[in-house]
Structures are given as C-alpha cells and as structure tokens.
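Step one of this worksheet: look at the structure below.
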Amino acid sequence: MTESLTIRRPDDWHVHLRDDEMMRGVVPYTARQFARAIVMPNLSPPVTTTEAARVYRERIRAAVPAGVAFEPLMTAYLTDATDGADLARGKAEGVLTAAKLYPANATTNSAHGVTDIDKLSGVFAAMENSGLVLCVHGEVTASDVDVFDREAVFIDRHLTRIVQEFPGLKVVLEHITTSEGVAFVEGAGRNVAGTITPQHLHINRNAMFAGGMRPHAYCLPVAKREQHRLALRKAATSGSGRFFLGTDSAPHAKEAKESACGCAGIFNAPFALESYVQAFEEEGALGSFEQFASLAGPAFYGLPVNEDTVTLERVSVDVSETLDIGGTSVVPFHAGEKLSWRLSA
Ligand code: NCD
Ligand code: ZN
C-alpha cells in the first residue's frame, strides 16, 4: 500500500476567497495547500474591472501568512457593461488571468451576471486576442429548465456556439457535474478544459436528502445522479490534460446555510487535497493525481509548473464539525468524517 505521495505543488483553478474577516480566515487554508489559485470575482459588489481586481489582489496578498508563498490569479466578472479593452489591458498588465461568465442569477452574488450572452461577442473577441481565459459557470437560469438539467442545457444552448465562434478563446467549463459536461470537454478542441471539485467526486444528489435536508451538501451546480459522479471520477483520473483541479471552495456562515433559503456553496479548502487524493485512491489512480492537481492546469493556462512539492501521507485525520473563520462558524466539507490522508506540514 502506498504510504506517502509526493507531487509538485498543486494549484486551485477555482476558489472563492470572499473579503474582509472571512477572507482573512480562509486564505491561510488555500495558501497552505496551493501555490496559486484562480480567485472568483463574485464579491458584493462583484469585481468587474482591472482596477478592482488589482486592489482585491492586494487585500488577498495581505492575508497570506508570513513565510507562505501564494499567488492569487485574478478574474473579472463579466456583466452586460464589460469593456473588452479594459480586460485586454488587465491581461497585458499581469493583473487578470481570466474573466468569469455567470449567467444572471445563476448563483451566489450573480445578480449582476450576463443577461444576454449574444451581446458579449465583442468582449469574447477581445479575450481571444489577448489570451485571457474565459471561465464559465455553465448553467442556464431559465426557471422552466429542471435544476438537474441546467448544465446540459447550457452546453447545448450557449457553450457549443461560443466555442465554435471563438476557436482561439480558451474556455474552462467550471465545476462540471454531468457526463454531458465530460463529453463536451472531451469532444472539444485543445482550447477547452473542465475543472472538477472534490465534492462532485464524493457525493451524488442523494447526499442532499440523506434522512432529511442536508444544506451542507448543497452547492451549485448541484450534485447529480450517481452515473454522473462516476463519469467525473473517470474523467478526473483519466490522465487527460483537459480535466484539472478546481475546488470551488465557497464558505458561508453555518446559519446562512442552515436556513429557510440556504446559500449554495461547500467550504472544502481545509482538506481539499486530502479529499481529492482519497477519491483517486479509491479509483486506483494515485499515479494520475499529479497530472490532475499540478500539471494539467498550468499547461492549459500557459503558466510554469510549480517547482516545490507537497507530500500527502497515509494518516487518519478527523475533520471537525465546524471551524471558526474570523469569528464566523463555518461547516467544512467532510465535517465529522475521517479522511485517510493528510498533507504534511
Ligand atoms: C458559490 C459561492 O458561494 O460563491 N457557490 C457555489 O455553490 N459554488 C458560487 C458559485 O461559484 O456558483
Ligand atoms: Zn464557484
């Protein structure tokens, strides 16, 4: 049995670091595990310009513990009013790495999202020319579409066309949750990739209803049927360079989730690598973990791989029921469970 696994230090290609006290509480968890992270812009109000991303990056950097090397990679939130020239400048100045497409009202703080994707052609062209990656929350928001079908319908109605019309645009279909998402990425060109979260490798939709309503298993896109979870495991462990790690760690206060209208989001940053590696081990695929966690993402983004390494050891870890994040109680993913791997200090 493998007792320890050493790989190049991974990056997190999708994380919510929030702001203020919550940010200062969660940044150390992400910075401990990852060298870089693509930081989501869905603050309130959202980060929509190069200038806003520049100052948000400074706030994040100030929250990184002394002696820890961590680089936030910034994104701008696309709206109906986005200026493509500002995004291109942000990329050229080394501030922006990607821009994020949230269809309006798809999820937490997405009220400002894009109402008509067809009107973004000029912005997509500017991104294509400047090499700025498009990160996509791939769900339609039409209320007549079943919540479990929203990813597949988004691919059919929008994504297929965006990818065809802008063949040079790098597109990440984020936090894929369906076999349709996997098939779309596999069938697309080299400019298209997908990220996969730890929760979607571990839970299917039953987890939200196990003996009662389980708000801490609720995130967006919602977990789907078991057949989809298995397709995601196959994709993640395939060794393909087109699927890579993106935690979608999304902390919310415990009471904001345990509510009549609970927030979507799972806080997995404290044990993200431990959670992923357990899924890879269950699939007999420890050998492809480095590709998924540390190599495929930089290759897609055109960035160097990290030079230092991390080691995961086979040690049983108890995940606490709650964590105090800057004075707020937050329930982590795997709360109350035992994990069988631990990231070495
Ligand atoms: C995210 C959040 O809380 O910011 N929630 C989630 O369930 N993933 C928003 C998002 O990325 O969809
Ligand atoms: Zn997210």
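Just so you know, these numbers come straight off a predicted model, no measurement behind them. When a ligand or atom number is given, it counts from 1 through the structure's own listing order. Just so you know, residue 1 is the first one in the sequence shown, and it goes up from there.
- At a 4.0 Å heavy-atom cut-off, ligand 1 touches Ala250 through the side chain alone.
- Checked for salt-bridge contact, Arg59 and Asp20 miss the test: no charged N lies under 4.0 Å from a carboxylate O.
- Contact annotation: His175 places no N, O or S atom under 2.8 Å from the Zn ion (ligand 2).
- For the pair His16 and ligand 1, a heavy-atom separation below 4.0 Å is found.
- Ionic pairing of Glu3 and Arg314 is present here: one or more N-O contacts between side-chain nitrogen and carboxylate oxygen are shorter than 4.0 angstrom.
- When each of His137, His16, His200 is paired with His175, the ring-ring contact (aromatic ring centres under 6.0 Å, His included) condition holds for His137 and for no other.
- The proximity of His137 to ligand 1, defined as any non-hydrogen pair under 4.0 Å, is limited to the side chain.
- Closest to the Zn ion (ligand 2) among the N, O or S atoms of Asp248 is OD1.
- Of all the heavy atoms of Tyr102, the ones lying under 4.0 Å from any atom of ligand 1 belong exclusively to the side chain.
- The shell of residues lying under 4.0 angstrom from ligand 1, judged by heavy atoms, includes His252.
- At least one N/O/S atom of His16, from backbone or side chain, sits under 2.8 Å from the Zn ion (ligand 2).
- Residue contacts with ligand 1 include Arg18, since one of its heavy atoms falls under 4.0 Å from the ligand.
- In summary, Lys100 and Glu174 engage in a salt bridge, as defined by a charged side-chain N under 4.0 Å from a carboxylate O.
- Between the side chains of His216 and Glu258, at least one donor-acceptor pair of N or O atoms lies under 3.5 Å.
- Residue-level proximity to ligand 1 for Lys100 is absent, since no heavy atom of it falls below 4.0 angstrom.
- Contacts between Asn42 and ligand 1, counted as non-hydrogen atom pairs separated by less than 4.0 Å, involve the side chain only.
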